[in-house]
Amino acid sequence: MSPAAARPPRAWWARPVLDLARELIGATLSCAGSAGVIVETEAYHDTEAACHAHIGLTRRTHVLFGPPGTAYVYRSYGIHALFNVVAEAEGVGAAVLVRALRPVAGLEAMGARRGRVGPRELCSGPGKLTQALGIELPDNGADLTRPGRIEIRPTATGPDQDAVVAAPRIGIIKAAELPWRFCLRGSPWLSRPVPVAPR
DNA sequence: CATGGGATTGACT
DNA sequence: GTCAATCCCATGC
């Protein structure tokens, strides 16, 4: 695989959210002594109804409209913390949800945080990977362009685009037809398999 | 101030 | 396959 690039500057994160969601496949996400390679993402944009930012600027969504390269962490179903990275220009509400990782470092710490589960269950879901990495609500708003608890290192050359598959997003009702889920083709570390027949 | 829904997971039938 | 857990916050009275 390609070597890790340096910590990307603000402008790197400012690209269109669909481009960023693809680009992040293969990047390494690390936090609290553990790390994994991103194998699944989803894009969200304020112009479509599934995005939290669709309702406009509120206390919950203001991070989404802020500077790109910022972490957006929110609680889902009262239980799980889900991790996103803000994309596009400041003033646009857009973010990439990280949905699954291939664990590569700190697997013991991941297991301690997740409870005794098999390696395939450590990071194969958006709520699982935040628990495995120790990402929680206080990480909301973290600036990923500065040194901190959470770090994302893309590959130097970006992912091989032939290896990235697009599919409909998971677990949403609104705008469910958009193929804005991106997966590493054939990866055994996905939250769910890519559907065989596209719709 | 009360209510309702949600980008999920794990346990159970 | 079904379903509850549990909390943040937007919305409405």
Side-chain angles (χ1 to χ4, degrees), chain A residues 13 16-22 24-25 27 29 31 36 38-66 68 70-88 92-101 103 110-142 144 150 152 164-184 188-195 199:
Chain A
W13 304 98
V17 68
L18 291 177
D19 293 350
L20 184 62
R22 278 186 171 273
L24 285 176
I25 301 296
L29 169 63
C31 179
I38 298 172
V39 297
E40 179 179 346
T41 62
E42 285 180 0
Y44 288 86
H45 194 278
D46 60 28
T47 53
E48 46 89 16
C51 182
H52 291 171
H54 189 61
I55 60 174
L57 194 56
T58 67
R59 183 162 79 247
R60 185 191 202 188
T61 65
H62 78 276
V63 168
L64 287 168
F65 290 93
T70 305
Y72 170 55
V73 183
Y74 72 96
R75 190 162 303 292
S76 177
Y77 291 92
I79 300 175
H80 309 285
L82 269 54
F83 173 77
N84 306 247
V85 188
V86 176
E88 309 222 359
V92 178
V96 176
L97 169 69
V98 179
R99 288 192 51 94
L101 310 175
M110 288 183 182
R113 286 182 285 249
R114 288 275 296 130
R116 277 199 303 277
V117 297
R120 295 273 306 279
E121 284 73 47
L122 281 178
C123 298
S124 56
K128 297 177 185 177
L129 72 91
T130 54
Q131 186 181 25
L133 292 181
I135 296 175
E136 251 302 336
L137 292 196
D139 293 305
N140 187 39
L144 303 182
I150 305 175
I152 294 184
V164 179
V165 196
R169 294 175 294 184
I170 291 179
I172 59 171
I173 309 279
K174 307 165 202 159
E177 74 285 356
L178 296 175
W180 285 11
R181 177 191 181 210
F182 299 96
C183 300
L184 181 63
W189 306 99
L190 302 177
S191 65
R192 300 182 52 181
V194 177
R199 31 170 314 173

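To find a chain, count down the sequence lines: A is the first, B the second, and so on, and within it residues start at 1.
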> Less than 4.5 Å apart, any side-chain heavy atom of A:Leu82 and any of A:Leu97?
Replying inline: yes
> How many Å lie between CD1 on A:Ile173 and P on B:dA7, as a whole number?
Replying inline: 8 Å
> Would you call A:Arg169-A:Glu42 a salt bridge at under 4.0 Å N-O?
Replying inline: no
>> Please report the distance separating the P of C:dA4 from the corresponding atom of B:dG4, rounded so that it comes out in whole Å.
In response: 16 Å
> Any idea which heavy atoms bring A:Arg113 and A:Ala132 closest together, and the distance?
Replying inline: NE-O, 2.6 Å
>> Restricting to salt bridge (charged side-chain N to carboxylate O under 4.0 Å, His left out), what partner residues turn up for A:Arg114, sequence neighbours left out?
In response: none
> Below 3.5 Å, does any donor atom in the side chain of A:Tyr77 face an acceptor in the base of B:dA7, or the other way round?
Replying inline: no
>> Considering every strand and a 4.0 Å limit on heavy-atom distances, what is the contact class for A:Leu137: base, sugar-phosphate, or nothing?
In response: sugar-phosphate
Can you list, pair by pair, the side-chain donor-acceptor contacts under 3.5 Å of residues 117-128 of chain A, counting residues two or more places apart and other chains?
unit_1: A:Arg120; atom_1: NE; unit_2: A:Pro188; atom_2: O; d: 2.8
unit_1: A:Arg120; atom_1: NH2; unit_2: A:Pro188; atom_2: O; d: 3.4
unit_1: A:Ser124; atom_1: OG; unit_2: A:Arg120; atom_2: O; d: 2.7
unit_1: A:Ser124; atom_1: OG; unit_2: A:Lys128; atom_2: NZ; d: 3.4

>> Tell me the interatomic distance from A:Leu82, atom CG, to C:dT6, atom P, rounded to whole angstroms.
In response: 18 Å
For nucleotides 9-12 of chain B, tabulate all protein N/O to nucleotide N/O atom pairs closer than 3.5 Å, reporting atom names and distance.
unit_1: B:dT9; atom_1: OP1; unit_2: A:Pro126; atom_2: N; d: 3.1
unit_1: B:dT9; atom_1: OP1; unit_2: A:Gly127; atom_2: N; d: 3.0
unit_1: B:dT9; atom_1: O4'; unit_2: A:His80; atom_2: NE2; d: 3.1
unit_1: B:dG10; atom_1: OP1; unit_2: A:Arg114; atom_2: NH1; d: 3.0
unit_1: B:dG10; atom_1: OP1; unit_2: A:Arg114; atom_2: NH2; d: 3.1

> Considering only heavy atoms from C-beta outward, does the side chain of A:Arg99 approach that of A:Thr41 to under 4.5 Å?
Replying inline: no
> A:Arg192 CZ to B:dT8 P: how many Å, rounded?
Replying inline: 10 Å
Any N/O pairs under 3.5 Å between the protein and nucleotides 1-5 of chain B? List them or say none.
none

> For the residue pair A:Leu64 and A:Tyr72, what are the closest heavy atoms and their distance?
Replying inline: CD2-CD2, 3.5 Å
>> Can you measure A:Arg75 atom CZ to C:dC7 atom P for me and round it to whole angstrom units?
In response: 7 Å
>> Quick check: do A:Ile152 and A:Val85 have side-chain heavy atoms less than 4.5 Å from each other?
In response: yes
> Stems in DNA chain B: runs of 3 or more consecutive Watson-Crick or G-U pairs, distances under 3.5 Å?
Replying inline: B:1-6 with C:7-12, B:8-12 with C:1-5
> Would you say the side chain of A:Trp13 lies within less than 4.5 Å of the side chain of A:Leu20, judging by non-hydrogen atoms?
Replying inline: yes
> So do A:Leu184 and A:Val165 actually touch side chain to side chain, heavy atoms under 4.5 Å?
Replying inline: no
>> Looking only at side-chain N and O atoms, does A:Tyr44 offer a donor or acceptor that is under 3.5 Å from a partner on A:His54?
In response: no
>> Contact list please: residues 42-59 of chain A against DNA chain C, heavy atoms, distance less than 4.0 Å, in numerical order.
In response: A:Ile55, A:Thr58, A:Arg59
> About how many Å separate OG1 of A:Thr70 and CG of A:Asn84, when rounded to the nearest 0.5 Å?
Replying inline: 11.5 Å
>> Within the supplied structure, the quantity of interest is the number of heavy atoms (other residues, nucleotides, ligands) at a distance under 6.0 Å from A:Arg192 CZ; does it exceed 12?
In response: no
